[in-house]
Number of protein chains: 2
Amino acid sequence: MRNGADGDGQPPLVQSVDRALAMLSVLADRGSAGATDLGAELGVHKSTASRLLATLEAHGLVEQRGERGTYRLGFGLVRLAGASAAQLDLSRLGRAACERLAAELDETVNLAVLDGDSAVNISQVQGSASVGVLNWVGRRTPLHATSSGKVLLAYGPSAARAALSATSLERYTPATITDAALLDEVLAGVREQGWAATEGELELGLNAVAAPVCAPDGRLVAALSVSAPSYRLPRDRFADVAERLCAVATETGRQLG
Amino acid sequence: MRNGADGDGQPPLVQSVDRALAMLSVLADRGSAGATDLGAELGVHKSTASRLLATLEAHGLVEQRGERGTYRLGFGLVRLAGASAAQLDLSRLGRAACERLAAELDETVNLAVLDGDSAVNISQVQGSASVGVLNWVGRRTPLHATSSGKVLLAYGPSAARAALSATSLERYTPATITDAALLDEVLAGVREQGWAATEGELELGLNAVAAPVCAPDGRLVAALSVSAPSYRLPRDRFADVAERLCAVATETGRQLG
DNA sequence: CCGCACCGTTGCGCATGACGCAACGCTAGC
DNA sequence: GCTAGCGTTGCGTCATGCGCAACGGTGCGG
């Protein structure tokens with residue numbers, strides 16, 4: 001173990017543990033993958049990947065299809081998550097907020113958190129319409145093209161904004177914001193009005209409004225959003241929906257300790 | 001790394017990863033603990049415990065209270081668990097026909113059967129778009145207002161048609177057929193062209209096309225349908241989609257014993 | 001049928017990274 | 001004030017993580 005905190009203040013990590021945990025993130029993104037692919041993704045030999053996976057599997061954090069098949073995340077994660085105090089706090093309160101808003105607005109409500117360069121949806125409650133937004137729980141979405149992402153950028157750590165400015169913004173539809181300067185303007189507007197919206201920027205026909213959930217000390221914790229087909233959530237509804245979102249988000253944040 | 005599966009057939013584990021993951025289990029049981037306690041629990045020195053915890057924390061699987069306080073399970077577990085649960089849901093969906101069509105057409109595909117006075121959806125596979133048709137598996141839908149229902153009426157037992165004619169047809173939207181004579185005409189047209197469609201008859205903005213799955217002896221078994229928001233499945237696409245539906249439905253029916 | 005490519009697993013031995021020791025600074029309790 | 005205990009961090013040793021190579025299995029194409 002050759003130590004020394006590297007330049008950016010990161011404490012020294014146990015490399016083999018770091019690699020094993022990185023595999024979990026890859027599987028969360030990909031759904032499933034083989035040992036050889038996972039090894040390539042991490043820059044390690046497939047035999048190393050196989051051994052790390054065997055250890056993760058022994059603890060139930062991954063499962064393998066068949067004797068020699070691909071790996072996916074395992075149910076042991078759900079058990080561990082169930083035991084976590086953090087889950088009890090934000091997930092319970094977040095779920096209650098989602099359920100309340102979905103009942104009021106009869107549309108899909110999501111709670112998302114910032115994870116690196118993505119918004120990750122951790123809770124979702126759907127309205128009663130058949131044409132709606134499909135299950136996004138666990139899915140990573142691009143920050144610049146989603147209402148949750150804009151909120152997470154506007155209220156979250158400046159490092160996330162800086163990191164995004166240093167990359168080119170991917171286009172998903174003709175409406176996607178791909179100019180960094182324009183995105184900065186939009187984010188300034190988000191901070192001013194207290195909520196964010198998207199109109200067909202991630203996917204044609206999909207609109208959404210989001211508000212920040214902040215802890216009592218002012219830190220951003222999550223983004224609460226309502227999303228729907230654009231014909232049910234047109235621009236002229238945004239302000240009304242945002243008002244409800246902000247009220248529930250503020251109250252949810254107040255209850256977080 | 002000295003290998004050799006030990007006596008009980010367990011593959012060799014990467015020791016440091018094993019230790020780190022064991023810490024997660026201890027925290028799940030205990031709620032929170034310090035590095036010294038966790039080290040004692042695992043039989044390792046507290047400095048080793050501290051480094052393993054730092055690595056788990058870098059991945060969000062544990063969180064520390066304050067600068068030098070106790071550790072507890074972290075929010076990263078909730079994110080990973082969410083991804084895991086979503087995958088388990090997806091793995092339950094669909095027959096071969098539903099999967100094949102959804103892959104081809106990239107829309108929601110359902111298989112429904114006739115049950116008394118309703119169409120009951122028994123399988124569903126969704127396309128990749130976020131704005132789509134939510135999970136209908138197990139849900140009963142009205143025969144006269146859904147494409148599956150029209151197929152089940154047109155090709156199914158005449159008793160179902162008679163029973164429906166004896167009741168008043170409920171209106172769901174302005175487009176719903178509520179006149180029994182008109183419905184009879186529509187069903188005759190369905191039998192003639194071999195497929196059925198609905199345009200906003202159950203829900204505004206929801207269109208669908210369906211074809212019959214018949215056993216080799218000609219009996220109606222089920223209805224195979226594709227549904228989507230109307231802007232993605234407008235009337236001028238119905239015939240093309242129906243052609244694919246009928247081909248897959250016919251082949252599926254042929255395979256039924 | 002065969003050969004080939006690719007997969008995940010496993011044995012092996014090397015060298016590097018995980019480990020324990022020791023020291024440090026901080027906090028809480030007396 | 002002092003003491004005890006905490007988590008963190010530098011250091012050097014050696015044990016364990018690593019990549020190489022081989023194996024057996026599977027799928028594909030000729």
Side-chain angles (χ1 to χ4, degrees), chain A residues 1-24 26-27 30-59 61-74, chain B residues 1-24 26-27 30-59 61-74:
Chain A
M1 171 79 180
R2 293 295 163 79
N3 42 349
D6 59 16
D8 65 354
Q10 172 94 27
L13 304 182
V14 180
Q15 183 177 250
S16 54
V17 176
D18 187 37
R19 283 173 170 166
L21 300 180
M23 279 185 181
L24 296 178
V26 173
L27 288 173
R30 293 258 208 106
S32 66
T36 307
D37 287 340
L38 285 165
E41 194 81 36
L42 270 67
V44 301
H45 191 265
K46 66 180 178 176
S47 65
T48 297
S50 184
R51 292 198 181 89
L52 296 173
L53 286 162
T55 309
L56 289 167
E57 191 178 16
H59 286 266
L61 301 198
V62 301
E63 295 169 353
Q64 188 177 25
R65 297 182 203 265
E67 282 270 311
R68 298 166 59 89
T70 57
Y71 290 85
R72 64 186 180 179
L73 294 178
Chain B
M1 168 82 180
R2 292 294 164 80
N3 40 351
D6 58 16
D8 64 356
Q10 174 93 28
L13 305 181
V14 179
Q15 182 175 251
S16 54
V17 176
D18 187 38
R19 284 173 170 164
L21 300 180
M23 280 185 180
L24 295 178
V26 173
L27 287 173
R30 295 258 206 104
S32 67
T36 308
D37 288 340
L38 285 165
E41 193 81 35
L42 270 68
V44 301
H45 191 264
K46 66 178 182 176
S47 66
T48 298
S50 182
R51 291 198 184 91
L52 294 174
L53 285 162
T55 308
L56 289 167
E57 189 178 17
H59 286 267
L61 300 197
V62 299
E63 293 170 353
Q64 187 177 25
R65 299 182 200 267
E67 282 270 310
R68 300 166 60 87
T70 58
Y71 290 84
R72 63 185 183 179
L73 293 178

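All chains are named by letter (A, B, ...) in the order of the sequence lines, taking the proteins before the strands, and each is independently numbered beginning at 1.
Within the model, atoms CG of A:Leu27 and CD of A:Glu63 stand 11.0 Å from one another, a figure rounded to the nearest 0.5 Å. Atom CE of A:Met23 is separated from atom CG of A:Leu56 by 7.0 Å, given to the nearest 0.5 angstrom. Rounded to the nearest 0.5 angstrom, B:Leu53 CG and B:Leu24 CG are separated by 9.0 Å. The distance from the CZ atom of B:Arg19 to the OG1 atom of B:Thr48 is 7.0 Å, given to the nearest 0.5 Å.
Distances shorter than 4.0 Å separate none of the side-chain N or O atoms of B:Ser50 from OP1 or OP2 on D:dG7. Taking only side-chain nitrogens and oxygens, B:Arg51 never comes nearer than 4.0 Å to OP1 or OP2 of C:dG17. Between B:Tyr71 and D:dT8, a side-chain N or O to OP1/OP2 separation shorter than 4.0 Å is present.
Following rounding to the nearest Å, A:Leu13 (CG) and C:dC19 (P) show an atom-to-atom distance of 13 Å. One can place CD of B:Gln15 at 9 Å from C1' of C:dC19, the figure rounded to the nearest angstrom. Atom pair B:Leu52:CG and D:dT9:P shows a separation of 15 Å (rounding to whole Å applied). A:Glu57 has its CD atom 13 Å from the P atom of C:dG8, to the nearest Å. Put simply, CG on A:Asp18 is 15 Å from C1' on D:dC18, counting in whole angstrom units. Spacing between atom CZ of B:Arg65 and atom C1' of D:dT8 amounts to 20 Å, rounded to whole angstrom units.
Remark: A:Val44, A:His45 in residues 33-46 of chain A come within less than 4.0 Å of DNA chain D through at least one heavy atom.
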Protein-nucleotides 26-30 of chain C N/O pairs under 3.5 Å:
none

Under 3.5 Å, N/O pairs linking protein and nucleotides 26-28 of chain D:
none

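The backbone N or O of A:Gly69 lies less than 3.5 Å from a partner atom in the side chain of A:Gln64, making a donor-acceptor pair.
At a cut-off of 3.5 angstrom, counting only N and O atoms as typed in the model, there is a donor on one side and an acceptor on the other between the side-chain of A:Ser47 and the base of D:dG19.
For A:Ser47, the side chain to side chain donor-acceptor pair (under 3.5 Å) partners at least two apart in sequence or on another chain are A:His45. With sequence neighbours left out, the side chain to side chain donor-acceptor pair (under 3.5 Å) criterion links B:Glu57 to no other residue. Here B:Ser50 pairs with nothing under the side chain to side chain donor-acceptor pair (under 3.5 Å) rule; sequence neighbours left out. Residues passing the side chain to side chain donor-acceptor pair (under 3.5 Å) test with A:Ser16, sequence neighbours excluded: B:Ser16.
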Could you list the donor-acceptor pairs under 3.5 angstrom formed between side-chain atoms of residues 34-44 of chain B and any protein atom two or more places apart in sequence or on another chain?
residue, atom, partner, partner atom, Å
B:Glu41, OE1, B:Arg30, NH2, 2.4

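Here the closest non-hydrogen pair linking B:Thr55 and A:Val14 is OG1-N, 2.9 Å.
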